[in-house]
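We use all heavy atoms of the structure for the numbers below, so side chains are in, but hydrogens, waters and symmetry mates are not. Note that the numbering runs from 1 along the sequence shown for the chain.
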Amino acid sequence: MNSSPSSSAQAARVRLGARLRALRQERGLTGRAFAAGAGWRSAANVTKIEKGQYAITADTVRLWCQVCGASAKLTAELLAEQANVADAWATHMELNQGGLKARQERLRGIYWTVAVQRVYQTRVFPGLLQTADMIAFYLDRVRIDQHVEIDDVAEAVAARLARQECLKRPDARWLFILEEDVLWYRPGSLEAHRGQLQHLLEMMRRPTVFLGIIPRGIDRRGVITGESFTMDDASLVSIELTSGHLNITAPPEVRLYLEMWARLESIAVYGQQARALILEALRALDGPDDGG
């Protein structure tokens, strides 16, 4: 199995493997004896699982607990940990099973329970702030680039638009920081981009939405551009990578992103200054080169 691109995901797998090893050793079973009890041909698999070199499935945990005679309570605890490990990393191929609409709907729940969501974007407009035209463009590219066989882009667009209703929640706050380049990148049509910039101006008026933009020419005071990320309630960080989706929940790692957010926040501009940057990008669309 390919190793995860995240040290956090791999560390979680290693921790679970270590707990399984401790359980086996507590029962006085050698690797060979355990493999025999599990019906495995080789004890090498035992070693690889315990070192986090293999993905640990729920079925593996159940079998492990059965061979070791673990209590129902311990089995449930280990299964819960395994579920957290499995959620840490998923490829786009796994996430897109069932189509793009199903993927959008699986994400819906968190938006109705989170109290504060922070989104930092270096490349694209955040999903919650996208127009229908921009959503359609991005999702159509996703379908092509990620080789999704089911063509349900129209249904997925509707699902994402429905998710945007969460912005009306009076008990939640939605914080966005964009690099100014996001305003200028135009992968889609001129009209879709113009509509998207105008939509940003409208969204800034919502009482629950706070939009900051980091100007291109600002003195960054040592703040280096990192990867785009979404943080939910300072407890979960989600990162979209080319090959898959990463969830980070380990408190020390989440804290690093919270500190990064504070640094980004300190150099972003808000209110009229942010509006001025959006208006500048809009005016450029009508210039000689039509922007881009």
Side-chain angles (χ1 to χ4, degrees), residues 104 107-135 138 160-185 192-240 247-249 253-283:
Q104 295 297 315
L107 294 171
R108 181 178 173 84
I110 185 66
Y111 292 91
W112 296 95
T113 57
V114 65
V116 179
Q117 185 176 87
R118 298 171 174 87
V119 179
Y120 170 58
Q121 262 297 345
T122 65
R123 298 172 295 124
V124 300
F125 295 100
L128 286 178
L129 301 182
Q130 290 172 10
T131 62
D133 286 344
M134 192 59 70
I135 294 172
Y138 283 144
R160 182 174 287 188
L161 287 173
R163 188 199 309 168
Q164 291 180 356
E165 291 295 305
C166 69
L167 296 176
K168 297 177 181 178
R169 289 177 51 205
D171 60 335
R173 294 295 177 268
W174 311 93
L175 316 181
F176 302 91
I177 295 179
L178 311 182
E179 294 287 344
E180 186 185 353
D181 284 338
V182 173
L183 306 179
W184 294 83
Y185 290 151
H193 196 77
R194 179 182 285 110
Q196 180 62 66
L197 292 173
Q198 292 169 339
H199 185 64
L200 278 187
L201 293 172
E202 297 171 6
M203 298 301 284
M204 290 177 69
R205 298 190 180 97
R206 291 190 177 231
T208 61
V209 173
F210 302 86
L211 175 63
I213 300 174
I214 300 176
R216 285 171 165 174
I218 198 170
D219 176 3
R220 298 185 72 96
R221 290 170 284 181
V223 180
I224 300 172
T225 302
E227 66 271 17
S228 301
F229 64 87
T230 297
M231 179 184 295
D232 296 318
D233 287 336
S235 60
L236 167 66
V237 175
S238 302
I239 302 171
E240 192 88 8
N247 289 325
I248 295 174
T249 56
E253 295 193 38
V254 172
R255 187 160 54 249
L256 291 176
Y257 282 92
L258 197 57
E259 292 170 358
M260 171 57 77
W261 178 269
R263 292 193 293 270
L264 295 167
E265 202 172 35
S266 73
I267 61 172
V269 298
Y270 302 85
Q272 290 305 315
Q273 288 179 287
R275 292 180 66 85
L277 293 175
I278 298 172
L279 289 170
E280 181 184 356
L282 263 171
R283 286 192 294 270

Item to check | Value rounded to 0.5 Å, distance of CG in L161 from CD1 in I135 | outcome: 4.0 Å
Checklist outcome for this item: What one should report as the nearest heavy-atom pair of L129 and Q164 is N-NE2, 4.3 Å
Item to check | Straight-line distance of E265 CD to L175 CG, nearest 0.5 Å | outcome: 7.0 Å
Item to check | Steps toward salt bridge (charged side-chain N to carboxylate O under 4.0 Å, His left out) verdict (D219, R221) | outcome: CA-CA 5 Å; D219 176 3; R221 290 170 284 181; 5.4 Å; no
Checklist entry - Checking salt bridge (Lys or Arg N to Asp or Glu O under 4.0 Å) against E165, which of K168, R169, R163 comes through? => result K168
Item to check | Rounded distance [0.5 Å steps], CD1 in I278 versus CZ in R275 | outcome: 7.0 Å
Checklist entry - Does the side-chain contact (heavy atoms from CB on, under 4.5 Å) test come out yes or no for T131 and F125, once each step is laid out? => result CA-CA 9 Å; T131 62; F125 295 100; over 6 Å; no
Next on the checklist: So, taking the atom named CG in L279 and the one named CD in Q198, what distance separates them when rounded to the nearest 0.5 Å?
Outcome noted: 10.0 Å
Next on the checklist: Just so I know, are the side chains of L178 and P126 near enough to count as touching, which here means a heavy-atom distance under 4.5 Å?
Outcome noted: yes
Checklist entry - Given side chains that start at C-beta, do those of V209 and F176 come closer than 4.5 Å, heavy atoms only? => result yes
Name each donor-acceptor pair under 3.5 Å that joins a side chain in residues 223-238 to protein atoms two or more places apart or in another chain, with its distance.
residue, atom, partner, partner atom, Å
T225, OG1, R220, NH2, 3.1
E227, OE2, Y257, OH, 2.4
S228, OG, Q121, OE1, 3.1
S228, OG, T122, N, 3.0
S228, OG, T122, OG1, 3.1
D232, OD1, Q117, NE2, 2.7
D233, OD1, A115, N, 3.0
D233, OD1, V116, N, 2.8
D233, OD2, A115, N, 3.2
S235, OG, D232, O, 3.1
S238, OG, N247, OD1, 3.1

Checklist entry - Looking at side-chain heavy atoms only, is the closest gap between E179 and Y120 below 4.5 Å? => result yes
Item to check | Within-4.5 Å side-chain heavy-atom neighbours: M134 and V124 | outcome: no
Checklist entry - Hey, does L211 have a side-chain heavy atom less than 4.5 Å from the side chain of M203? => result no
Checklist outcome for this item: So CZ of R160 and OH of Y111: to nearest 0.5 Å the spacing works out to 8.0 Å
Next on the checklist: Treating T208 as the side-chain partner and L167 as the backbone partner, does any N or O pair qualify as donor plus acceptor under 3.5 Å?
Outcome noted: yes
Next on the checklist: Is there a side-chain contact between H193 and L197 in this structure, where contact means two heavy atoms from C-beta onward sitting under 4.5 Å apart?
Outcome noted: yes
Next on the checklist: I want to check something: taking the side chain as every heavy atom from C-beta on, are L128 and V119 in contact at a cut-off of under 4.5 Å?
Outcome noted: no
Item to check | Straight-line distance of Q196 CD to L201 CG, nearest 0.5 Å | outcome: 10.5 Å
Checklist entry - Which atom pair, heavy atoms only, marks the closest approach of D133 to A192? => result CB-CB, 4.3 Å
